[in-house]
Amino acid sequence: MIKFFNTLSGKKEIFKPIKEGNVSIYVCGMTVQNRPHLGHMRAYITADLIRRVFEHNGYTVKMIQNFTDIDDKIIERSREFGMDYRVFGEQYIKEYIDSAIKMNILQPYYYPRATQHINEIIDLVEKLIEKGYAYFVDGDVYYRTEMFKDYGKLSGKKIEDLRSGARIKINPKKKNPLDFALWKGAKEGEPYWYSPWGKGRPGWHIECSAMSMKYLGETFDIHAGGTDLIFPHHENEIAQSEAATGKTFANYWIHNEMLRIKGEKMSKSLSNFLAVSDILKEVSPNALRLYYYRTHFRSPLEYDENSLQEASNSFERIERFISKNTSGSGLDNELFDGLMRNLNDNFNSPKTLGLMFAAIKDANNGIREKSTTANTVKKVLEIIGFDLKEEKKNEISDKIIDGIVAIRDRMRAEKQFQYADMIRDELNKLNIEILDSKDGTKWKIK
RNA sequence: GGCGGCAUAGCCAAACGGUAAGGCGGCGGUCUGCAAAACCGCUAUUUAUCGGUUCGACUCCGGUUGCCGCCUCCA
């Protein structure tokens, strides 16, 4: 049984799939107008965790994650760089996928792109016009928000409240300031596609409706993304999709909270972001994943420089415990079930990690059996996306180092500490760390 | 101005009606030729604040203060 918080109801609910044993998930992907940053990665790690928990529970997961590769800002920024908007967006798509693979994120069933679904988008807009939910004005097509009686059901907003909000800019083409563009006529020099309304491009929101329904059906199980998308993006997706089909769009909505930096949301527009691919040069993918998992996805996560290092230290502790104690294949089933139960309950990764560390301490104290604990911890970590494969070793250089270490041990035995320490220092310069202990000397690459 | 969320030790962070997990850091210790690493122990009489409900509240209700998100492109 999996339960989690559904934004639509505002409550934790027990998940019931549309089709037994299957779950369809649409993850709102990036608008590729800038580099993928730590905030984006939080959303996709959250989605990856959710997907992995479902898979572990025996579900067949069909996950779709889009790239929105056409919008006003992409056009604007690609011009600034003097690049074709396609080439411009492509670099960020590549950067995202590279980082996702490094992060051991399971790849979605498909990564659809807005520009490859223009026909589906046009069909959807036409359907909305036919039904009277959309109107054409001077090259643009707008959605008539007041016609959709459930408008605001996801975000908890009321049309009257929104209207009084001082921040809505007046666009004279709109019949109501809350109406939003489904299709935008192209201005001189902008990219365009032919449509019944002339040359233009899709508005923001419509691409997600078109792509999710194409691959997952008119009603699907879960729609995920960041809280910043709840309004207007997801609200508008619901309005468009449900107006067009007369059916519920997504049964469950999962939103991750924002990553903050210095008390503000990390975002492209505030240009206070740290690119994921840069961070991955500093810390390992496992450490970064642990960093995210330490905080529940529904809580804001405040970034500071120390916290990544903390996560890294913390992960090393687990790693050491595992590499020292894993043996055989026996599991501690009670521990395993306890850890997984917390993941099935709103994907509570911090609680799971806490229990894991407590178990490690118990094992070190002899209260709990070491090898089954280590095997269990390792198994759970792998289920939730950590990559614990042994590093490939270079046999010859390993043997050389082993030989040098053996010579040093001999010198220590003969109390020639001066030379033994010299060897330790020299190896240290090569980033090889000597670990003396009762059970003999070990070494590792720092 | 409207809507929503959050406030737990030096820092990060669980628990959400049954008497405060865990991590990082710090301090003390075991081990060691020394050091490092590792491991162990200690580190919140108390959950922003005031009041209420209850046998019992970090957990529920109301007020106050502070912070954040959305209402404009955003994961």
Side-chain angles (χ1 to χ4, degrees), chain A residues 7 10 27-31 33-34 36-47 65 68 71-74 76 152 155-158 160-169 178 204 224-233 235 255-260 263-270 273 290-291 293-302 304 306-307 309-318 320-321 324 342 348-361 364-366 412-413 415-418 420-421 424-425 428 433-439 441-444 446:
Chain A
T7 310
V27 180
C28 253
M30 290 181 61
T31 302
Q33 47 186 233
N34 213 323
H37 60 62
L38 283 181
H40 296 122
M41 194 44 89
R42 185 178 194 200
Y44 305 125
I45 285 288
T46 300
Q65 180 175 327
T68 295
D71 89 320
D72 294 357
K73 208 167 236 167
I74 292 171
E76 185 189 314
S155 56
K157 294 182 188 301
K158 297 191 188 87
E160 312 83 76
D161 295 341
L162 286 165
R163 197 172 290 158
S164 64
R167 300 173 68 195
I168 294 171
K169 279 183 224 147
L178 293 173
W204 186 45
T227 53
D228 55 349
L229 297 179
I230 294 173
F231 192 90
H233 186 56
E235 197 68 72
H255 292 98
N256 62 279
E257 253 298 344
M258 294 294 101
L259 179 75
R260 297 183 200 160
E264 276 184 314
K265 182 172 103 173
M266 180 177 288
S267 82
K268 289 178 282 202
S269 51
L270 293 171
F273 67 86
L290 185 77
Y291 168 75
Y293 281 178
R294 293 195 314 164
T295 303
H296 188 96
F297 72 91
R298 295 200 65 238
S299 300
L301 172 53
E302 171 74 36
D304 80 283
N306 299 328
S307 54
Q309 190 53 47
E310 264 184 33
S312 191
N313 294 347
S314 186
F315 185 74
E316 271 177 38
R317 169 126 183 259
I318 304 180
R320 255 180 255 120
F321 175 78
K324 212 163 119 188
N342 282 293
N348 196 335
S349 56
K351 188 167 182 189
T352 300
L353 291 173
L355 293 175
M356 211 176 256
F357 277 104
I360 289 173
K361 185 178 274 185
N364 281 328
N365 271 327
R412 291 172 68 219
K415 303 210 184 298
Q416 297 183 10
F417 297 122
Q418 187 188 353
D421 289 351
R424 181 168 67 194
D425 291 345
N428 232 300
E433 190 177 9
I434 293 291
L435 308 168
D436 290 325
S437 81
K438 273 193 294 211
D439 315 319
T441 303
K442 288 181 181 161
W443 58 270
K444 70 165 189 178
K446 278 197 276 193

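A/K324 has its NZ atom 7 Å from the C1' atom of B/rC39, to the nearest Å. The CZ-P distance, from A/R298 to B/rA14, rounds to 12 Å in whole Å. Between the CG atom of A/L353 and the C1' atom of B/rC12 there is a distance of 13 Å, rounded to whole Å. Across the protein-nucleic acid pair, A/E302 atom CD and B/rA7 atom P stand 15 Å apart, rounded to whole Å. B/rG4 atom P lies 13 Å from atom CD1 of A/I230, rounded to whole Å. Distance, A/M258 CE to B/rG4 P: 19 Å, rounded to whole Å. Computed from coordinates, the A/F321 CZ to B/rC40 C1' distance equals 14 Å when rounded to whole Å. Distance, A/D304 CG to B/rG10 C1': 13 Å, rounded to whole Å.
Scanning for salt bridge (charged side-chain N to carboxylate O under 4.0 Å, His left out) contacts around A/E433 gives an empty result, with sequence neighbours left out. Legend: residues meeting side chain to side chain donor-acceptor pair (under 3.5 Å) with A/D436, ordered by chain and number and at least two apart, are A/R408, A/R412, A/T441. Under the salt bridge (charged side-chain N to carboxylate O under 4.0 Å, His left out) criterion, A/D72 pairs with A/K184, A/R201, not counting sequence neighbours. Applying the ring pair (Phe, Tyr, Trp, His ring centres under 6.0 Å) test to A/F321 and every residue at least two apart in sequence or in another chain returns nothing. A/H233 meets the ring pair (Phe, Tyr, Trp, His ring centres under 6.0 Å) test with A/W204, A/H205; sequence neighbours excluded. Every residue was checked against the salt bridge (charged side-chain N to carboxylate O under 4.0 Å, His left out) condition with A/D71, not counting sequence neighbours, and none meets it. In terms of the side chain to side chain donor-acceptor pair (under 3.5 Å) criterion, residue partners of A/Y293 (sequence neighbours excluded) are, by chain and number, A/R289. With sequence neighbours left out, the side chain to side chain donor-acceptor pair (under 3.5 Å) criterion links A/H37 to no other residue. Partners of A/E257 under the side chain to side chain donor-acceptor pair (under 3.5 Å) rule, at least two apart in sequence or in another chain, do not exist in this structure.
Atom name C1', nucleotides B/rU47 and B/rA9: the rounded distance is 10 Å, in whole Å. Remark: the separation of the P atoms in B/rA13 and B/rC68 is 15 Å, to the nearest Å. B/rA37 and B/rU49 have their P atoms separated by 38 Å, with the value rounded to a whole Å. B/rG5 and B/rC61 have their P atoms separated by 11 Å, with the value rounded to a whole Å. B/rC60 and B/rA15 have their P atoms separated by 12 Å, with the value rounded to a whole Å. Between the C1' atoms of B/rA38 and B/rA14, the separation comes to 27 Å (whole Å). For the C1' atoms, the distance linking B/rU8 with B/rU59 amounts to 12 Å, nearest Å. The separation of B/rA7 from B/rA48, taken at their C1' atoms, amounts to 6 Å, rounded to a whole angstrom.
With distances taken from any side-chain atom of A/K73 to the nucleotides B/rC40, B/rA15, B/rC73, the minimum falls on B/rC73. When each of B/rC70, B/rC12, B/rA14 is scored by its nearest atom to the side-chain atoms of A/D228, the top-ranked nucleotide is B/rC70. If you check B/rG22, B/rC73, B/rA14 against the side chain of A/F357, the one that comes closest is B/rG22.
In this structure, OG1 in A/T46 is found 11.0 Å from CE in A/M41, a value given to the nearest 0.5 Å. Going from atom CZ of A/R260 over to atom OG of A/S267 covers 13.5 Å, rounded to the nearest 0.5 Å. Here A/N256 contributes atom CG and A/T295 contributes atom OG1; the two are 12.0 Å apart, rounded to the nearest 0.5 Å. In this structure, A/K442 NZ and A/K324 NZ are separated by 7.0 Å, a value rounded to the nearest 0.5 Å.
Contact annotation for A/Q33: backbone-only contact, meaning every heavy-atom pair under 4.0 Å involves sugar-phosphate atoms and none involves a base. Residue A/G152 is classed as having no contact, given no heavy-atom separation below 4.0 Å to the nucleic acid. Using a 4.0 Å heavy-atom distance criterion, A/G156 is classed as a sugar-phosphate-only contact. Residue-level contact check: A/H37 touches the bases, meaning some heavy atom is under 4.0 Å from a base atom. A/L290 comes within 4.0 angstrom of nothing in the nucleic acid, heavy atoms only. Counting non-hydrogen atoms under 4.0 angstrom, A/N364 reaches the backbone sugars and phosphates but no base. Within the nucleic acid shown, A/D72 has no heavy atom closer than 4.0 Å to any nucleic acid atom. Residue contacts for A/K361: at a heavy-atom cut-off of 4.0 Å it reaches the sugar-phosphate backbone alone, with no base atom in range.
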| query | For nucleotides 29-37 of chain B, read 5' to 3', which letter fits each nucleotide if B means a protein heavy atom sits under 4.0 Å from the base, S means only the sugar-phosphate is that close, and - means neither? | reply | --S-BBBBB
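Judged by distance alone, the side chain of A/E235 and the main-chain N or O of A/S155 form a donor-acceptor pair under 3.5 Å.
A/K351 approaches A/N342 most closely through the heavy-atom pair CD-OD1, 3.2 Å.
Where A/S155 and A/H296 meet RNA chain B, the nucleotide closest to each residue was compared, and A/S155 sits on the side nearer the 5' end. Taking the nucleotide of RNA chain B with the nearest heavy atom to each of A/G354 and A/T295, the more 5' of the two is matched to A/T295.
For RNA chain B, if you chain together Watson-Crick or G-U pairs that step i with j, i+1 with j-1 and so on, the runs of at least three with distances under 3.5 Å are B:1-7 with B:65-71, B:10-12 with B:22-24, B:25-30 with B:38-43, B:48-52 with B:60-64.
Between A/N348 and B/rA13 there is no side-chain N or O to OP1 or OP2 distance below 4.0 Å. Using a 4.0 Å cut-off, no side-chain N or O of A/R260 falls inside it from OP1 or OP2 of B/rG69. Proximity of A/N365 to the phosphate of B/rC39: no side-chain N or O atom is located under 4.0 Å from OP1 or OP2.
On a pure distance criterion of 3.5 Å, a polar donor-acceptor pair joins the side chain of A/K157 and the base of B/rC70.
Contacts between residues 309-316 of chain A and RNA chain B, counted as heavy-atom distances below 4.0 Å, involve A/E310, A/N313, A/S314.
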